[in-house]
Amino acid sequence: MAAPVLAIVIPCYNDSEALPISVARLTAILDRLIVADRVAEESYLLCVDDGSTDDTWAVISDLHERDTRIKGVALAHNRGQQYALIAGLTAVNGKCDAAVTIDADLQDDPEAIVAMTDLFLAGKEIVYGVRASRASDSWFKRTTARAFYRLQQRLGVDTIYDHADYRLMSSRAIEMLADYGESNLFLRGIIPQLGLDTGVVRYNRQERVAGRSKYSFTRMVSFSIDGITSFSAKPIRMIFLLGLALLCVDIVVAIYVFTSYFADKVIIGWTSLMLSIWFLGSVILMGIGIVGEYVGKIFNEVKHRPRYAIKTTLWD
């Protein structure tokens, strides 16, 4: 059997510092696989510029001029990592036998691509990169990540524990993914639904080669909620968060009410009335917010707008 054509898809956002380093390392891994006859010489890298505001596209263009195996796709606007990933996978669909998606900062160990390729050659159509441990994370990040995965599982979302978006997909898996046309993208939940034969490669998280994290705490919270509802209806979500805040205030008010009650500083009926108003008000607002999340998803889906717009490409 002929060696497969491998595409490495790299979503980029303001990664002008990291790209020269990460592309050099990934190209070296690709060369090793080619020399070992595990992938074809036609294998390549595809950098997807997700509407960067720095010199990311200029760096991609320069790298393409030096090595035509380095392709480029520039999105017209910043759409987020999930859309950059689907744009890259759509671009390589039909132009490779398998594709690996990996972030430009290379915190996901690129050497795992070798093991992923071996599993693909052994017949696996989807190979997940899974972190071996979270020892390098802070206590807060480690705890919230575990809570997030457990909550997803309890709500029926089929995801791989400690897997982000570092994976290998066969051409058949990419074609099947293309049939999922929803705008509310959460690839970690969609890809396990394909039902193909899968494998797992474990790796240790590394320090990023350059730059800084693009995921603030706010964006991490938003992504977590999207992972459950598949989309963010921000105006209605604010109502939900307001209800949650009122519930916290209700706890403080409850302490004050009970203190006043036992100190004989209130009139009869005031305690139950105050607790009922605060508690029911917060619960109602939270309920409206949760329903609103799903209404917001429906609102965006029925418009059938394009998920992204391509500004320009660099391809032979």
Check whether any side-chain N or O of [X] sits under 3.5 Å from a backbone N or O of [Y] as a donor-acceptor pair, and report yes or no.
| X | Y | value |
| --- | --- | --- |
| Ser43 | Ala40 | yes |
| His64 | Ile70 | yes |
| Asp62 | Ile60 | no |
| Asn14 | Thr53 | yes |
| Thr101 | Val9 | no |
| Ser22 | Ala104 | yes |
| Lys124 | Leu121 | no |

Using side-chain heavy atoms (C-beta onward) and a distance below 4.5 Å, is [X] in contact with [Y]?
| X | Y | result |
| --- | --- | --- |
| Asp103 | Gln81 | yes |
| Val59 | Val23 | no |
| Arg205 | Asp108 | yes |
| Val48 | Tyr308 | no |
| Asp165 | Gln82 | yes |
| Leu187 | Leu177 | yes |

What's the spacing between [X] [atom1] and [Y] [atom2] if we round to 0.5 Å?
| X | Y | atom1 | atom2 | result |
| --- | --- | --- | --- | --- |
| Leu19 | Thr56 | CG | OG1 | 6.0 Å |
| Ser171 | Leu89 | OG | CG | 12.0 Å |
| Gln193 | Met176 | CD | CE | 10.5 Å |
| Ile190 | Ile86 | CD1 | CD1 | 7.0 Å |
| Thr198 | Ile126 | OG1 | CD1 | 7.0 Å |
| Met169 | Met116 | CE | CE | 12.0 Å |

Worksheet item: Under the side chain to side chain contact (heavy atoms under 4.5 Å, CB included) criterion, do Ile29 and Val114 qualify, and how do the steps go?
Response: CA-CA 8 Å; Ile29 292 173; Val114 177; 4.1 Å; yes
Nearest heavy-atom neighbours spanning [X] and [Y]:
| X | Y | result |
| --- | --- | --- |
| Lys95 | Val5 | O-CG1, 3.9 Å |
| Ala84 | Leu75 | CA-CD1, 4.1 Å |
| Ala3 | Arg38 | CB-C, 4.2 Å |
| Ala173 | Leu194 | O-CD1, 3.7 Å |
| Ile174 | Cys96 | CD1-SG, 4.3 Å |
| Ala99 | Val92 | CB-CG2, 4.1 Å |

Worksheet item: Would you call Arg69-Asp31 a salt bridge at under 4.0 Å N-O?
Response: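 Salt bridge between Arg69 and Asp31, a charged N being under 4.0 Å from a carboxylate O: yes.
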Item to complete: Sorted by first residue and then second, give each ring pair (Phe, Tyr, Trp, His ring centres under 6.0 Å) pair with at least one member in residues 42-63; sequence neighbours left out.
Response: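 Sorted result for residues 42-63: Tyr44-Trp315.
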Item to complete: Identify, with sequence neighbours excluded, every residue that meets side chain to side chain contact (heavy atoms under 4.5 Å, CB included) alongside Ala112.
Response: Tyr166, Val201, Tyr203
Discussion item. Would Glu111 and Arg32 count as a side chain to side chain contact (heavy atoms under 4.5 Å, CB included) here? Give the steps.
Written reply: CA-CA 11 Å; Glu111 292 296 329; Arg32 281 162 42 198; 3.0 Å; yes
Worksheet entry | Audit row: Ile113, Leu6, side chain to side chain contact (heavy atoms under 4.5 Å, CB included) steps and yes/no | CA-CA 10 Å; Ile113 294 176; Leu6 178 67; 4.3 Å; yes
Practice prompt. Quick one: which residue pairs count as a salt bridge (Lys or Arg N to Asp or Glu O under 4.0 Å) with a foot in residues 39-54, not counting sequence neighbours?
Written response: none
Worksheet item: Do the side chains of Ile284 and Ile251 join up, straight or via other hydrophobic residues, at under 4.5 Å, putting them in one cluster?
Response: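 Ile284 does not cluster with Ile251.
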